[in-house]
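This report refers to the structure that appears directly beneath it.
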Amino acid sequence: MSGPPGVPADAGEFAASLEQIRRRIRPGSEPRIGVGAGWVPIIASLNEKLTAIDPEHSILGVEERYGLLVWDFVSPGGHDQAMQSAIDAAAEEAASCCEICGAPGRLMSRGESGHKWLKTVCPACAQDRGYRPEAVR
Ligand SMILES: [Zn+2]
């Protein structure tokens, strides 16, 4: 597998969840799920939890930012706190899961400071793509 991360066209058992997530993305926001295939099970399960908390919620964005899972939402039911804790738990799970293949991973980086790319990857994907373990701050 190569190329930029993105949800595969054939998302298998998760296709319905991904479609549901896309439909929740607000008009005006880009209906794009900006995470790699390795995180698809995590966002599918998060979608179920969020839907249970507030069936009317809408999504402003789902993406990987600096190697971390970011999920912005609006909750008309006012369940922001419950939804945010579900998102925080999923983001924590994603932080130790390779975004490319789903194997256990951690935050790694590629490039020099100033032009550094962060991504959560497993050792094998890191080696393939030239990522090195990121120093713990
Ligand atoms: Zn991997």
Side-chain angles (χ1 to χ4, degrees):
M1 301 238 312
S2 63
V7 172
D10 175 16
E13 58 178 310
F14 299 108
S17 297
L18 295 176
E19 187 48 40
Q20 197 179 31
I21 293 170
R22 279 194 197 95
R23 276 203 305 265
R24 280 196 185 284
I25 296 176
R26 276 204 156 177
S29 304
E30 200 189 336
R32 172 179 163 272
I33 300 173
V35 307
W39 285 0
V40 166
I42 295 173
I43 66 167
S45 136
L46 177 58
N47 172 58
E48 275 178 36
K49 288 182 188 130
L50 297 179
T51 300
I53 296 168
D54 186 347
E56 304 300 319
H57 79 274
S58 54
I59 294 172
L60 301 179
V62 176
E63 62 179 0
E64 171 270 335
R65 213 180 285 160
Y66 304 115
L68 304 172
L69 174 63
V70 177
W71 186 296
D72 296 320
F73 66 95
V74 173
S75 169
H79 300 288
D80 298 64
Q81 229 164 14
M83 289 180 68
Q84 191 58 56
S85 34
I87 292 166
D88 290 348
E92 201 175 307
E93 200 185 326
S96 59
C97 174
C98 177
E99 193 195 337
I100 298 164
C101 76
R106 54 178 287 201
L107 191 64
M108 303 213 197
S109 65
R110 185 168 75 175
E112 310 292 314
S113 70
H115 300 283
K116 210 151 102 167
W117 297 88
L118 293 169
K119 191 169 273 306
T120 299
V121 286
C122 69
C125 291
Q127 198 169 15
D128 284 357
R129 289 156 189 252
Y131 282 90
R132 288 186 302 266
E134 175 71 357
V136 177
R137 276 163 294 188

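Both ligands and their constituent atoms are indexed starting at 1 by order of listing. Along the sequence shown, the residues carry numbers beginning at 1.
- For the Zn ion (ligand 1), the tally of protein N/O/S atoms lying closer than 2.8 Å stands at 4.
- Hydrophobic clustering keeps Val74 apart from Ile87 (ILVMFWY residues linked when any side-chain heavy atoms are closer than 4.5 Å, directly or through intermediates).
- Side-chain atoms of Ser96 never come within 3.5 Å of backbone atoms of Arg106 as a donor-acceptor pair (strictly under, hydrogens ignored).
- In terms of hydrophobic clustering, with Ile, Leu, Val, Met, Phe, Trp and Tyr side chains grouped at heavy-atom distances under 4.5 Å, Leu50 and Leu68 are assigned to different clusters.
- Between Asp72 and Arg65 there is a salt bridge, since at least one side-chain N of the basic residue sits less than 4.0 Å from a carboxylate O of the acidic one.
- More than 12 non-hydrogen atoms from other residues, nucleotides or ligands lie less than 6.0 angstrom from CD of Glu19.
- Other residues, nucleotides and ligands contribute over 12 non-hydrogen atoms within 6.0 Å of the CD atom of Gln84.
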